[in-house]
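Please read all numbers here as calculations on a predicted model, not as lab measurements. Here, residue 1 is the first one in the sequence, and each next residue gets the next number.
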Amino acid sequence: MEPTKCGADCTQCGFRESCAGCAATDGYPFGGECMIAACCRQKGQKRCSGCGEACCRLKGGLIAEFNALGIEDMPEVTDLNALKGSFVNLEYTLPGGQKIRFWDDNRIYLGNQLCKKGSDRCYGLTADENHLLVCEYGEGGSEAEIVVFKRRR
């Protein structure tokens with residue numbers, strides 16, 4: 001696999017065998033767009049050269065947006081990672097019983113997992129260009145509940 005556009009080390013990724021490579025696919029490693037590669041492309045960069053300036057601004061802005069939500073028992077967000085959609089695309093049951101998923105399994109989003117203070121549950125954070133999602137779940141993504149889903153800007 002060719003190197004990534006953003007300089008991420010993919011050697012430990014569990015999806016690396018099925019990944020076509022970010023650089024080789026111009027930012028569409030699984031067929032869906034990578035947020036980081038899209039950011040670089042929009043800024044006219046062919047490669048982010050590590051976490052380039054545009055990528056840092058994107059991550060920094062998203063981190064600030066997550067922290068501004070003011071979720072009381074959620075630790076401060078300090079970093080976001082590139083995450084494959086199928087990894088973060090949990091199923092939620094709406095009040096009327098309808099089951100829903102928000103993300104495209106083949107896109108690469110920015111997100112993180114944070115341990116909920118005083119609990120054995122976790123917060124899952126995921127963002128794309130238009131939305132922020134914070135969910136809460138148990139071990140292995142079980143009993144997922146939406147905490148915040150909102151349009152950005």
Side-chain angles (χ1 to χ4, degrees), residues 4-10 12-22 25-43 48 51-52 54-153:
T4 63
K5 288 179 156 287
C6 66
D9 177 9
C10 298
Q12 301 301 312
C13 178
F15 298 108
R16 75 179 175 280
E17 297 303 320
S18 61
C19 178
C22 180
T25 62
D26 195 30
Y28 293 81
F30 297 97
E33 188 172 48
C34 170
M35 277 188 69
I36 298 169
C39 177
C40 294
R41 203 171 24 258
Q42 290 168 358
K43 304 295 184 206
C48 291
C51 184
C55 178
C56 287
R57 278 193 308 244
L58 172 65
K59 283 176 128 180
L62 287 169
I63 288 169
E65 288 180 57
F66 278 120
N67 286 326
L69 294 174
I71 299 171
E72 187 175 319
D73 50 4
M74 185 173 82
E76 180 181 3
V77 181
T78 59
D79 194 19
L80 296 172
N81 306 296
L83 300 169
K84 187 173 187 276
S86 60
F87 188 70
V88 297
N89 202 12
L90 301 177
E91 183 175 82
Y92 305 95
T93 303
L94 299 179
Q98 178 187 8
K99 307 256 185 214
I100 189 167
R101 293 179 187 261
F102 291 103
W103 308 118
D104 176 341
D105 285 351
N106 294 314
R107 283 202 67 203
I108 305 295
Y109 299 94
L110 286 171
N112 206 338
Q113 175 179 287
L114 304 171
C115 294
K116 184 176 179 178
K117 293 177 183 174
S119 175
D120 61 350
R121 293 178 60 82
C122 294
Y123 284 113
L125 288 65
T126 312
D128 71 3
E129 299 83 355
N130 301 307
H131 298 93
L132 292 178
L133 172 67
V134 177
C135 67
E136 179 185 321
Y137 49 82
E139 187 174 337
S142 65
E143 301 174 32
E145 300 174 12
I146 299 167
V147 177
V148 175
F149 183 69
K150 67 177 265 185
R151 186 173 306 275
R152 294 184 58 218
R153 298 182 192 85

Task: Exercise: do Asp104 and Tyr109 side chains pair donor with acceptor under 3.5 Å - done: no
Should we say atom [atom1] of [X] is surrounded by more than 12 heavy atoms from elsewhere, each under 6.0 Å from it?
X      : atom1 : value
Phe87  : CZ    : no
Glu145 : CD    : yes
Glu91  : CD    : yes

Task: Pairing of Lys150 and Glu65 as salt bridge, 4.0 angstrom limit - done: no
Any non-hydrogen side-chain atom of [X] less than 4.5 Å from a side-chain atom of [Y]?
X      : Y      : answer
Met74  : Val147 : no
Asn106 : Lys84  : yes
Asp73  : Ser119 : no

Nearest-0.5 Å distance, [atom1] of residue [X] to [atom2] of residue [Y]:
X      : Y      : atom1 : atom2 : answer
Arg121 : Tyr137 : CZ    : OH    : 10.0 Å
Asp79  : Leu125 : CG    : CG    : 11.5 Å
Leu58  : Glu129 : CG    : CD    : 8.0 Å
Ile108 : Asp128 : CD1   : CG    : 13.0 Å
Glu143 : Leu90  : CD    : CG    : 12.0 Å
Asn81  : Lys59  : CG    : NZ    : 6.5 Å

TODO: Would you please test Phe102 and Thr126 for side-chain contact (heavy atoms from CB on, under 4.5 Å) and show each step?
DONE: CA-CA 10 Å; Phe102 291 103; Thr126 312; over 6 Å; no
TODO: Measure across Ala82 and Leu110 and return the closest heavy-atom pair with its distance rounded to 0.1 Å.
DONE: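 That closest heavy-atom pairing would be N-CD2, 4.0 Å.
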- [ ] Give the minimum heavy-atom separation between Ala127 and Leu62, together with the two atoms involved.
- [x]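 Closest heavy-atom pair between Ala127 and Leu62: CB-CD2, 3.6 Å.
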Please confirm whether the backbone N or O of [Y] pairs with a side-chain atom of [X], one donor and one acceptor, at under 3.5 Å?
X      : Y      : result
Asn67  : Val77  : yes
Asn89  : Trp103 : yes
Arg152 : Leu132 : no

- [ ] Start with the C-alpha distance between Leu80 and Phe66, add both sets of side-chain angles, then the distance that settles side-chain contact (heavy atoms from CB on, under 4.5 Å), and finish with yes or no.
- [x] CA-CA 10 Å; Leu80 296 172; Phe66 278 120; 4.2 Å; yes
- [ ] Take Leu133 and Tyr92 through the test side-chain contact (heavy atoms from CB on, under 4.5 Å) and record every step on the way to the result.
- [x] CA-CA 12 Å; Leu133 172 67; Tyr92 305 95; 3.5 Å; yes
